[in-house]
Protein chains: 2
Amino acid sequence: MPRRKPTIHDVAARAGVSKSLVSLALRGSEKVSVDSRLAIEAAAAELGYRPNAAARSLADRRSRAIGVLVLDFNNPIFAQILDGVQQVAGAQGYNTLIVTGSADPIRQESELARLLEFQVEGIILIAHRLTANTIMRISDERPIAIITRRDVTGPNIDTVSNDDRSGAIMAVEYLVSLGHSRIAHITGGDNQIARDRELGYLDAMTSAGLPQHINVIPGDFTDSRGYRAAQELLTAAPDTTAAFVANDLSALGAMAAIEELGRQVPEDFSVIGYDGMALATLRTLNLTTVQQPLIEMGRLAVTNLLKRIDNPNTQPVEMRVDSQLHIAGTCGPPKT
Amino acid sequence: MPRRKPTIHDVAARAGVSKSLVSLALRGSEKVSVDSRLAIEAAAAELGYRPNAAARSLADRRSRAIGVLVLDFNNPIFAQILDGVQQVAGAQGYNTLIVTGSADPIRQESELARLLEFQVEGIILIAHRLTANTIMRISDERPIAIITRRDVTGPNIDTVSNDDRSGAIMAVEYLVSLGHSRIAHITGGDNQIARDRELGYLDAMTSAGLPQHINVIPGDFTDSRGYRAAQELLTAAPDTTAAFVANDLSALGAMAAIEELGRQVPEDFSVIGYDGMALATLRTLNLTTVQQPLIEMGRLAVTNLLKRIDNPNTQPVEMRVDSQLHIAGTCGPPKT
DNA sequence: GACACTAATTGGAACGTTCCAAGAAGGGAA
DNA sequence: TTCCCTTCTTGGAACGTTCCAATTAGTGTC
């Protein structure tokens, strides 16, 4: 097949009309006569013509693509969010360029640059690690929708997030209501989401009159770190009866350690996570958690983004979605 | 910001040189004098110039993008494969267009069309549901690399897969070696991978001298169907002591049902899965499974694809990767 | 039979790059 | 001084679309 790809000119020649008419016809304009339309469609089909998106994007200065930067694929919650993103973007005829840029902010920035060169019309950030500065600079060029974080705002930036602090409070209050008082917290590290959840923990412990039982073990949102943190916890404070873990992935790791150390969940120890990861709520794991509407968050973010693309000068939207306590099988009353 | 995006012309004007020289300089040619290079780089930085990938791709007939069609995001193993894909593609300076096209072949086909319009230089299919016909037709236009399936081949098609049949045999033989004989199989539905795994099960049962205990329950690779299938199984054949489930996700669902029906895994019932899904091998779940080198498979597929892009007339590559038994905590000897 | 009007069609200019053949500037050698 | 060689630099033509203003053909109206 040494022949090059057919272009609109080839179709025009074959159908015996001008390239302009082909362009018009293939985009479904009604000012094309029926005869011409049929001839053109036939010619296009016979040649196996495919419009060249690069040329189109150049000519009408629209790429019909949005870029998505996602922290990584290891945490399945990002896949859930992406699912929502793709649903809406696809339905609106937008392509989705997904890049996953390591946790390294420098590399994330160069991934972003690639997206921008592709002329994406907007950008979605899922759990990014970029500085406020970078984001502000980029948002000058393109609208941005940020999912899960809300610490950076600007005229061209929409956000969709849940209220991590009150979610955390909900989690701790639930443990308290079951009768726990020695409740520890395994954190998600040094980032805004983790900090908010930690603050919620501190708040809730204090207002429950349990400040003396506050116990914070540093983590980093990964399962392996959750595992190690739980080991530390049970070694250093064996009388702890429950833990609020910063996210589901870590909570799964923590549960593994807890059971390995001979404690049954939830009989001997209660664990509550955060996120609503699909697999964790699967009956096998049956993790009690604070569930975010992940797919919905993805959908909302694209919806806002596309609106802003169509109409750049609207007020920035900061959406707060409601998370809810998903009560399953990993929490129970403390052993007395 | 009513000003439009700066182009190469703006940079040229500002640096006091021609657009051609700017183009040369920014692509790092050594035939540009040091003075010019510095002036150009300075001008570009001041203006915040970004090359337009659409224009570039039009001019030199390369998009530097590959397209990935992935079945869905619900099964986390696809995320693992994608991870490998992105690693290699990114390192080679390729963008990745990812579309996830429902299980519906028709829609998958239109997603594919979108990728082709974007002038992707090659396509990766992860667990597709396309007909051989469609794939052959497309492979005429672009090189294709297929991951996990190997039922379609052609001059422009590379594949990376594991040997599902022998993997399945390995799984069943392991159960047999533990002393099981009443071993059931929950399938993955009506597709090549599922069929191969089922054939492996049938083979292994027969050669183990257990044809009378063959028991196949239809499934579809989802966790919820795995759950229902296990319920059926234990109702209809309560003396079964072990199950080989077609994939990990279904296996997790199955385990939930088994435990709900009052049987302990692995004490009362053994479960083995297939895939090596990261979360399933997490200590909490600790699923015994046949582990495919998922990330590696993604890497290999892109590597092959990029080779074929550079050099179209090489022989098609059909890679077979080795899967291995990952022995964890969900299998044990049958209760006597 | 001239006129205005509508419907269908067209060629050319843009879009922002890269490539190419050709030009300008400078330095030696004759 | 002239001429040739490098080394840098340049304008113009592509690439495959879309948009626009302009043209053609056809249809009534008076």
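Sequence lines set the chain letters: A, B, ... in the order given, protein chains first and strands last, and positions in each chain run from 1.
Between B:Asn162 and B:Arg320, every side-chain heavy-atom pair lies at or beyond the 4.5 Å cut-off.
Between A:Glu121 and A:Arg142, none of the side-chain N atoms (NZ, or NE/NH1/NH2) sits under 4.0 Å from a carboxylate O, so this pair counts as no salt bridge. Contact check on A:Glu318 versus A:Arg150 returns no salt bridge, with no Lys/Arg side-chain nitrogen under 4.0 Å from an Asp/Glu carboxylate oxygen. Salt-bridge check for A:Arg62 with A:Asp60: failed, with every basic side-chain N at 4.0 Å or more from each acidic carboxylate O.
Look at CG on B:Leu26: it is 16 Å from C1' on C:dC19, rounded to the nearest Å. Per the geometry, CZ belonging to B:Arg62 stands 11 Å off P belonging to C:dC19, to the nearest Å.
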Discussion item. Walk along nucleotides 22-27 of chain C from 5' to 3' and tag each nucleotide B, S or - by protein heavy-atom contact under 4.0 Å, base first, then sugar-phosphate.
Written reply: ------

Worksheet item: What is the per-nucleotide protein-contact pattern of nucleotides 8-16 of chain C, from the 5' end, where B denotes a base atom under 4.0 Å from a protein heavy atom, S denotes such proximity for sugar-phosphate atoms only, and - denotes neither?
Response: SSBBB--BB

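A:Asn311 pairs by the side chain to side chain donor-acceptor pair (under 3.5 Å) definition with nothing, not counting sequence neighbours. Every residue two or more places apart in sequence or in another chain that forms a side-chain contact (heavy atoms from CB on, under 4.5 Å) with A:Ala12 is listed here: A:Lys19, A:Val22. Partners of A:Arg114 according to the side chain to side chain donor-acceptor pair (under 3.5 Å) rule, which considers only residues two or more places apart in sequence or in another chain, are B:Asn95. Listed by chain and number, the residues in a side chain to side chain donor-acceptor pair (under 3.5 Å) with A:Thr131 are A:Thr134 (sequence neighbours excluded).
Phosphate proximity of D:dT17 to A:Arg27: absent, as no side-chain N or O sits under 4.0 Å from OP1 or OP2.
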